[in-house]
S.K.: 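Below: one structure in structure tokens.
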Amino acid sequence: YGRFGLDYNDANDRAVNGVSKTTITSRLRLQFDMSAETDSGVAFDARFRAQSESRDNVNQGSNPSGAAFNGARFGVSYQGFRVNVGNIIGAVENMPGLYLETRTAGIGIDGAGFVSNVGNVNGEYFNWDAYSSAGFGVNGIEALYSTGGFTGHISYSTRNGAVAVDRFGVMLAYTFGDWTIAAANQSSDIMWEDKTLVSVAWDGGQFGARVAYADNDGISKFGIYGNMDIGSASNLLVFYTDEDAVDAGDVLAGRNDNRDAVAGSNQQEGGSYGIHYSYDLGGGASFEAGYRRASNDNDTFQAGVYFSF
Amino acid sequence: YGRFGLDYNDANDRAVNGVSKTTITSRLRLQFDMSAETDSGVAFDARFRAQSESRDNVNQGSNPSGAAFNGARFGVSYQGFRVNVGNIIGAVENMPGLYLETRTAGIGIDGAGFVSNVGNVNGEYFNWDAYSSAGFGVNGIEALYSTGGFTGHISYSTRNGAVAVDRFGVMLAYTFGDWTIAAANQSSDIMWEDKTLVSVAWDGGQFGARVAYADNDGISKFGIYGNMDIGSASNLLVFYTDEDAVDAGDVLAGRNDNRDAVAGSNQQEGGSYGIHYSYDLGGGASFEAGYRRASNDNDTFQAGVYFSF
Amino acid sequence: YGRFGLDYNDANDRAVNGVSKTTITSRLRLQFDMSAETDSGVAFDARFRAQSESRDNVNQGSNPSGAAFNGARFGVSYQGFRVNVGNIIGAVENMPGLYLETRTAGIGIDGAGFVSNVGNVNGEYFNWDAYSSAGFGVNGIEALYSTGGFTGHISYSTRNGAVAVDRFGVMLAYTFGDWTIAAANQSSDIMWEDKTLVSVAWDGGQFGARVAYADNDGISKFGIYGNMDIGSASNLLVFYTDEDAVDAGDVLAGRNDNRDAVAGSNQQEGGSYGIHYSYDLGGGASFEAGYRRASNDNDTFQAGVYFSF
């Protein structure tokens, strides 16, 4: 897909970081999917992506001249069962109710930092195994099983080094009628990465509502989310999340500090909120606009278009 | 498209720069175009390219192992109106009559330095906003409008930094009968980049002729160009350009020196000329050969093939 | 194609090199072929590949974020005659009987170091001009001619530098009935790269056998190879190779040392052997497994799947 728009971010300032407050934010992603099926019905598949992205008037990704490929994911599937290796999805990442119900999965055009995600706290963002569109990924292995409304998912990855540094993830989700409940857990050998997440979502057609909660190795964060269709083409979404303070002992042990009352902390304790508006232009294209205020008082507003091809 | 051939360049010498006088010059370019159209007829599109190129027996581009993607361009168009962001075309770059009427847009197989372009003087080559096939581009924004034989084009880009460093470009072109006239202007915050260009071209079918002139922030350059079809498949093109001397005060202020009488200058003052021959092989393939002598007395001869796919 | 599997390698040890003995080995390769044909029947073509690969839990290739393109090869062909430039095949590389009759052309999933190849001795592996799937290639030129069962192939490449450093290769192969005989020679300006190789192969349908011999600038290596179909879908392959000791004078002149009796040598003198099993799953997919013991006593075992798309 492609997307582009304007980003107003009050953390940017030419006098401070050399970036204009208003910049172009854009991404172009082309996905290559390949597959083969054996005579017995077992299917093999593989995927990689080429992506070009700009944020803050700077080219993102590993290629200084533009778009770059990410790492490949390989899969073997048979009926409801699937095993992937390489740039895996990740069990926590795959939990329903973790991301916003928008095209960017966050607010605005590029997600605006994804502060709406309850797994993201205290500057420890995306510290779980997840598919990477701009990187090699975690080179892990995972198994998924789906039947009826049920999905189970376990994932594992390790890193090179003198001792094994592993991440295990598990996720369970169940959909019945308008309701989806989900829970996930990550057990990691890396400090401050153990986490447990739960979500309950209700999709009533014109209206949708969701609550999510995560214990991020001692830092709780909860979120409430609501969205409603307006007329035939528009959708309006709002969210509020609240992040607890880090334990003082953890900070002494070297963890980031998010406490509002402490000088030099990242000030991420407390509430974030945002609003997002989407208008369907037809043909796979839509107008998207969103504003959010993060718990550290950073404001962003983004507006632009998405299109599929 | 693909192209490959042999390049003789008398500036190469194993004893001087370690490069054989005769080398392979080649390029393979694969373009990815994606688009979507809304119900109301507004079209969105995006493009990037993957390109592998060799010059002087050295891999070109950002990827040491071969081909690389460039930056993406995003567009929205409605009838004759278009807005692009990202790796934009650029108003000056888009001026008719700036490049040669050959497949390379210059002489030979890889353009042979594009000395035929009146915007290129004094070692300040391609110092305007232009689409980059091997880079991220200027991450700008531009608007184009075409109706009948008329095209108008404005473009803008900025760079990160404590102060805004902008380039504005504007271009107007009009085609009537066999004639095309065009003018462009760039106003840039970067030193020595303000320029104004004009061209008049006549395409009489079997014969074509063109004149072009540019004031490159004080350095004038003009060019005269002619080409004729020979039989049903051949075309012969010749050109002559003449570059004025840089102002002595500009050199004192830090600008490059192109004056022929000055030791240590790039010696680019004066006349360049070249000849190019093309033979259509059918099926999108052609044989191309060209010789040019640049105003600094550098000789190159290149011959090879182009093919489309 | 895609391939992925598990690699057990007793040279890996977390306590020694930080890599687990068992890792995921994977590769995803997507080939882009482009062509055009002139009215007179001369065909032009070009090719590059994008490849993502993991070995020893490390991303391979030039792009830190995943897959990367290689260098392009350009070709012009007419009936049995072909000229390529760029990332050429190479005359030695193209010799029949040099690689194993498996999907990886070596043992297991990723070739397991290709110790079965008689051109690979004494840590001087792949020191001939060859098509590179993960690199820019040698930027050479080559000519091939095929008619009936006969193939002739010459190749040439040079490197930039104060003096020309060239590699010339020539290869001749002939197939008659169930037999294929082939010979190749490389003459190189780089030390220790002159080599002559011969092979004789017999393909009797259910059974196949082959012998190969190479003189690698004074280091002889021979190999014997056999494979047989088992039932309708399985194939079993075995090989044995034996590498001679390097000349003591060459070692004094700076060459690698492979002698078993010498401390600090790479210990590659002597015999290597291996076994490979393949099971066709249909639809272009197969199960592949292989074990080999290299002459330096390194053991590897790999099992996984290949699939085409």
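Hydrogens, waters and symmetry mates are skipped; everything else that's a heavy atom, side chains included, is used. Every chain is numbered from 1, with letters handed out A, B, ... down the list of sequences.
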S.K.: With a 4.5 angstrom heavy-atom cut-off, could you sort out which part of C:Val163 is near chain B: side chain, backbone, both or neither?
M.R.: backbone

S.K.: For B:Phe239, what residues pass the ring pair (Phe, Tyr, Trp, His ring centres under 6.0 Å) criterion, not counting sequence neighbours?
M.R.: none

S.K.: Restricting to non-hydrogen atoms, name the atom on B:Ala67 and the atom on C:Phe69 that form the minimum distance, rounded to 0.1 Å.
M.R.: O-CB, 3.1 Å

S.K.: At a 3.5 Å cut-off, give me the donor-acceptor pairs between chain C and chain B, one pair per line with the distance.
M.R.:
| residue | atom | partner | partner atom | Å |
| --- | --- | --- | --- | --- |
| C:Asp39 | N | B:Leu281 | O | 3.1 |
| C:Ser62 | OG | B:Asn63 | OD1 | 2.5 |
| C:Ser62 | OG | B:Ser65 | OG | 2.8 |
| C:Phe69 | O | B:Asn63 | ND2 | 3.1 |
| C:Phe69 | O | B:Ser65 | OG | 2.7 |
| C:Asn70 | O | B:Ala67 | N | 3.0 |
| C:Gly71 | N | B:Ser65 | O | 3.1 |
| C:Ala72 | N | B:Ser52 | OG | 3.3 |
| C:Phe136 | N | B:Ser65 | O | 3.1 |
| C:Asn139 | ND2 | B:Ser54 | OG | 2.9 |
| C:Asn139 | ND2 | B:Asn57 | OD1 | 2.8 |
| C:Thr158 | O | B:Asn57 | ND2 | 3.2 |
| C:Thr158 | OG1 | B:Arg14 | NH2 | 3.0 |
| C:Arg159 | O | B:Arg14 | NH1 | 3.0 |
| C:Arg159 | O | B:Arg14 | NH2 | 3.4 |
| C:Asn160 | OD1 | B:Asn57 | ND2 | 3.3 |
| C:Asn160 | ND2 | B:Asp56 | O | 3.0 |
| C:Gly161 | N | B:Gly18 | O | 2.5 |
| C:Gly161 | O | B:Arg14 | NH1 | 3.1 |
| C:Val163 | O | B:Arg14 | NH1 | 3.4 |

S.K.: Please look at C:Ala50 and chain B and tell me whether the side chain, the backbone, both or neither of the residue comes under 4.5 angstrom of a heavy atom of that chain.
M.R.: neither

S.K.: Under 4.5 Å, counting heavy-atom pairs only, tell me which of C:Gly137, C:Ala134, C:Ala68 racks up the most with chain B.
M.R.: C:Ala134

S.K.: Measure distances from B:Val16 to the heavy atoms of chain C and classify the residue's part below 4.5 Å as side chain, backbone, both or neither.
M.R.: neither

S.K.: Mind ranking C:Gly61, C:Ala46, C:Gly161 by heavy-atom pairs under 4.5 Å with chain B and telling me who comes out on top?
M.R.: C:Gly161

S.K.: Would you compute the distance between atom CG of B:Leu30 and atom CZ of C:Phe48 and round it to the nearest 0.5 angstrom?
M.R.: 5.0 Å

S.K.: Please evaluate residues C:Phe44 and B:Phe4 with respect to the criterion side chain to side chain contact (heavy atoms under 4.5 Å, CB included), reporting the C-alpha separation (whole Å), side-chain torsions for both, the decisive distance (0.1 Å), and the verdict.
M.R.: CA-CA 10 Å; C:Phe44 295 99; B:Phe4 59 97; 4.2 Å; yes

S.K.: Between C:Met34 and B:Phe307, which heavy-atom pair has the shortest distance, and what is it?
M.R.: O-CE1, 4.5 Å

S.K.: Run the side chain to side chain contact (heavy atoms under 4.5 Å, CB included) test on C:Phe32 and B:Leu28 for me, step by step, so that the C-alpha distance in whole Å, both residues' side-chain angles and the decisive distance to 0.1 Å come before the verdict.
M.R.: CA-CA 11 Å; C:Phe32 298 84; B:Leu28 180 59; over 6 Å; no

S.K.: If you look at every heavy atom in C:Phe74 and B:Gly2, which pair is closest and at what distance?
M.R.: CE2-CA, 4.4 Å

S.K.: If every non-hydrogen atom of C:Phe136 is compared with every non-hydrogen atom of B:Pro64, which pair is closest and at what distance?
M.R.: CB-O, 4.0 Å

